[in-house]
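The structure under discussion appears below in the form of structure tokens.
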Amino acid sequence: MIPAIRRTVLALFLALVAFPASAQVGTVISYFDGWRQAFSEEGIAEWRPEFTVRYSLGIRTRGPCVTAGIKVDRNRTLGIMAGKWTNHIPKKDISIYTYGGGIYMRRYIHLTRRDVVAFYTDASAGVACVYKTTAGIDPETGLPRESPKQVGDLMFISSCEPGIRIRLLGNFHLFVGPTFATKCYGFHIGVGF
């Protein structure tokens with residue numbers, strides 16, 4: 001098994017090294033040209049608003065989130081997000097409640113010509129603030145358990161949420177996929193318009 005993995009990694013490395021440098025530079029330039037076009041005068045005239053409401057359910061974390069963004073071109077959306085999450089620690093019977101917000105970028109890969117079905121990936125980063133904690137009673141001492149987070153604590157949050165989107169009518173669409181976030185691994189489901 002290990003030799004097969006080594007051969008695969010070596011083959012991928014050699015393919016990357018053998019790929020002409022001019023082609024690699026061309027790919028990078030093409031990527032930045034797409035952004036330049038999206039922020040040109042003609043590109044800005046094509047911008048459209050895009051909003052989503054989603055619910056994430058993870059192993060220990062759950063909660064709703066909303067996003068508001070600008071679809072800068074057919075494939076990309078930039079915006080802000082806000083959410084309210086609950087993180088439960090079963091071992092200690094502690095729940096930590098947070099509000100948070102940040103920025104996000106969504107990238108689409110369309111599977112049909114009319115953009116009805118698409119894969120997407122949301123990447124976000126921001127800050128969450130603890131507004132409440134609840135803790136169970138320690139049976140040995142009879143006192144409430146100590147929470148690792150206190151009210152007012154700030155936490156960095158980030159996530160990567162790939163999935164599949166199905167557009168139903170106009171820009172109204174449903175989406176679903178896995179969630180990989182700071183302290184949250186699970187799935188999300190939502191609607192966008």
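Please read all numbers here as calculations on a predicted model, not as lab measurements. Note that these values count all heavy atoms, side chains included, but never hydrogens, waters or copies made by symmetry.
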Donor-acceptor pair, side chain of Trp85 and main chain of Cys184, under 3.5 angstrom: no
Verdict with reasoning, Leu111 to Phe119, per side-chain contact (heavy atoms from CB on, under 4.5 Å): CA-CA 7 Å; Leu111 301 178; Phe119 288 128; 3.6 Å; yes
Short side-chain to backbone donor-acceptor contact, Arg36 and Phe39, under 3.5 Å: no
From NZ (Lys84) to CZ (Arg62), nearest 0.5 Å: 10.5 Å
Atom pair CD1 (Ile44) and CG (Asp73), whose distance is rounded to the nearest 0.5 Å: 12.0 Å
Non-hydrogen side-chain atoms of Asp93 and Arg145 separated by less than 4.5 Å: yes
Side-chain touch Pro144/Ile137, heavy atoms, less than 4.5 angstrom: yes
Heavy-atom side-chain proximity of Asp115 to Arg74 below 4.5 angstrom: yes
Side-chain donor or acceptor of His173 paired with backbone N/O of Ile166 under 3.5 Å: no
Backbone N/O of Gln150 and side chain of Ser147: donor-acceptor pair under 3.5 Å: no
4.5 Å side-chain heavy-atom contact, Cys65 and Ser56: no
Side-chain heavy-atom pair Trp35, Arg76 within 4.5 angstrom cut-off: yes
Other ILVMFWY residues reachable from Met155 by side-chain steps of under 4.5 Å: Ile89, Ile94, Ile96, Val130
Rounded distance (nearest 0.5 Å) linking atom CG of Asn87 with atom OG1 of Thr61: 3.5 Å
Any Tyr108 side-chain heavy atom under 4.5 Å of Lys71 side chain: yes
Connected via hydrophobic side-chain network under 4.5 Å: Phe193 and Leu168: yes
Side-chain H-bond candidate by donor/acceptor type, Thr67 with Thr52, under 3.5 Å: yes
Separation of Ile157 CD1 from Thr98 OG1 (nearest 0.5 Å): 7.0 Å
pair Tyr104-Ile80: side-chain heavy atoms closer than 4.5 Å: no
Partner set under side chain to side chain donor-acceptor pair (under 3.5 Å) for Thr121, not counting sequence neighbours: none
Separation between CG of Leu154 and NZ of Lys149, rounded to the nearest 0.5 Å: 9.5 Å
Residues clustering with Tyr185 (ILVMFWY side chains joined when closer than 4.5 Å, directly or via others): Ile59, Phe180
Candidate pair Tyr131 and Tyr99, rule ring pair (Phe, Tyr, Trp, His ring centres under 6.0 Å), full reasoning: CA-CA 7 Å; Tyr131 71 90; Tyr99 286 116; 4.4 Å; yes
Sidechain N-carboxylate O distance under 4.0 Å for Asp122, Arg107: no
Within one Ile-Leu-Val-Met-Phe-Trp-Tyr cluster: Val191 and Leu169, side-chain cutoff 4.5 Å: no
His110 side-chain N/O to Val116 backbone N/O, donor-acceptor pair under 3.5 Å: no
Arg167 side chain to Arg114 backbone, donor-acceptor under 3.5 Å: yes
4.5 Å side-chain heavy-atom contact, Thr77 and Met105: no
Ion pair check, Glu161 and Arg54, cut-off under 4.0 Å: yes
Ser95 side chain to Thr86 side chain, donor-acceptor N/O pair below 3.5 angstrom: no
Phe175 ring center within less than 6.0 Å of Tyr120 ring center: yes
